[in-house]
Amino acid sequence: MNMPRTLAAVSLVWLLAPGASRVVLAQTPDCEALSPEKKTTAREIFSVLHPYDGCDQTFAKCLAARSPKSVVLRLASDICRQVKEGGDRKEIERNLARRAQTMLVTGPRADIVLDDAYRVGSASAPVTVVVYACARCPFCKVMVAALHDAVTDGSLAGKVRMYFRPFALKGHPGSMEGGLAFVSAAKLGRFWPYLLLVYKNYDRFCPKLLPQWAEVVGLDRMAFEREYADPNTREILVAAKQEGLRNKVHATPSIFIDGRPYVYDLTVDAVLDVLQEASEAAGR
Amino acid sequence: MSGVAAPHPARAVARDALLVLLGSAVVGSAVNALRPSGIPFVQKTEYQILVPCPEGSGEAPGMAPNDPSLWEPRTLLVDARPASEHQRWHPQGARHLPFDYLEPAPKAEVERIASSGAARVVVFGDGGNPDTGEQLARELAGAGIRNVFFVQGGAEPLAAAAAARGGR
């Protein structure tokens with residue numbers, strides 16, 4: 001037996017075996033940043049789960065392709081993020097199914113009024129995201145502001161347009177007043193600056209301050225107060241809530257992407273990632 | 001030979017504790033600085049520990065307008081429609097509690113229903129989509145009232161069912 005040749009062969013096998021999986025993981029920075037133990041978990045998951053788009057094989061095989069599809073890399077990164085956070089295979093599989101449910105067209109689209117007074121982002125953007133939100137929901141102020149930044153001059157600029165739909169929650173004191181103020185500002189053409197100011201001053205919120213804040217964003221106080229007291233403003237707010245209930249909105253924020261309900265993880269990062277995926281899918 | 005006086009035991013312990021504390025802080029900060037995802041000394045963005053805010057409504061099953069239990073003595077019927085429609089027609093003994101999409105039902109009214117002694121509470125509304133009867137039933141269930149139902153289809157089929165029974 002040729003000893004040096006055997007050693008060379010063993011060395012080659014030793015180098016290639018983990019090397020192949022290193023290549024797979026190196027393509028996704030989130031995966032490469034995992035600890036060795038977590039990398040093993042990620043590899044195990046990649047060897048059994050399939051991406052719902054971009055490739056018909058397992059993640060492992062799809063990632064080993066010469067140039068993996070962007071959606072495959074995105075989903076792989078997402079899996080590695082979940083592995084890092086301690087997610088197990090079953091949980092990650094369930095999450096992948098929820099993400100697929102969010103992305104893939106199934107059933108009729110939600111019927112939503114898209115009023116340009118509540119829009120932000122390019123009117124010609126290929127993806128439409130709608131957020132039902134309450135003026136007094138702490139999560140809404142974070143989510144809506146983050147999405148606003150992303151679609152105006154962030155990573156989703158030109159790719160996604162966002163519409164806000166007021167959904168006043170009865171359980172939140174001041175929600176109705178905040179909702180009426182939002183509609184009033186929209187009727188006067190300063191919806192987004194007003195909404196951002198109200199959310200920015202979330203901890204100082206008081207219905208008495210609403211007309212004052214209208215002045216801060218350049219609205220005429222009298223006109224604002226007139227709109228606020230107008231029964232039509234209340235009707236618009238009620239109509240938006242009825243629309244939300246028809247679309248099975250029971251909590252805020254509730255998100256719809258191109259008419260499909262968003263049922264994946266409700267974190268800013270996850271929503272932005274899914275919207276990137278939607279914009280890439282729209283561009284294909 | 002006269003040596004240096006030993007520090008007071010309590011002071012020595014305090015000094016050693018301080019040294020351990022400082023040493024730990026330095027080591028901890030160094031490790032944190034070397035970690036790729038170290039904890040920032042000053043958190044500049046809000047932590048994402050937020051959860052969606054629910055509407056706060058409970059579960060209320062639907063009931064067919066011709067269900068005989070609607071007319072049992074221990075059933076409390078609640079009319080969720082506006083006053084004008086309530087005045088036009090309502091089953092005998094039905095309590096009026098108009099539903100509002102933006103404001104919660106008055107607490108006193110909810111408490112009155114809760115303490116009515118009814119075996120079941122059946123709400124009927126406009127039968128629209130969404131149905132005010134269903135929405136109010138869910139709100140009452142969310143407020144802790146048990147055995148709350150809503151009439152499927154709202155007041156119109158209920159009136160027809162009542163007429164078929166000879167009125168109530």
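A note on names: the letters A, B, ... follow the listed sequences, proteins ahead of strands, and every chain is numbered from 1. Side chains are part of it too, since the values below use all heavy atoms of this structure and drop only hydrogens, waters and symmetry mates.
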Within the structure provided, determine whether [X] and [Y] are in side-chain contact (heavy-atom separation under 4.5 Å).
X	Y	result
A:K241	B:Q135	no
B:C53	A:P138	yes
B:Y101	A:L237	no
A:H250	B:R138	yes

Checklist entry - To the nearest 0.5 Å, what is the distance between CD (B:E55) and OG1 (A:T252)? => result 8.5 Å
Checklist entry - In Å, rounded to the nearest 0.5 Å, how long is the span from CD of A:Q242 to CG of B:D131? => result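 Result: 11.0 Å between the selected atoms.
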Step through the shown structure and confirm whether more than 12 heavy atoms of other residues, nucleotides or ligands are within 6.0 Å of [atom1] on [X].
X	atom1	answer
A:K38	NZ	yes
A:E91	CD	yes
A:R109	CZ	yes
B:D16	CG	yes

Next on the checklist: Just so I understand: if I count every heavy-atom pair under 4.5 Å between each of A:C134, A:A133, A:C140, A:C137 and chain B, which residue has the most?
Outcome noted: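 Maximum pair count with chain B is reached by A:C137.
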Checklist entry - Any idea which of A:R246, A:M143, A:H172, A:E243 has the most non-hydrogen atom pairs under 4.5 angstrom with chain B? => result A:R246
Next on the checklist: For the interface with chain A, which of B:G56, B:G142, B:P130 has the highest count of heavy-atom pairs at distances below 4.5 Å?
Outcome noted: B:P130
Next on the checklist: Give me the atom names and distance for the closest heavy-atom approach of A:K170 to B:L102.
Outcome noted: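 So the minimum-distance heavy-atom pair works out to CG-O, 3.7 Å.
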Checklist outcome for this item: Okay, A:L169 and chain B: the region with an atom under 4.5 Å from a heavy atom over there is both
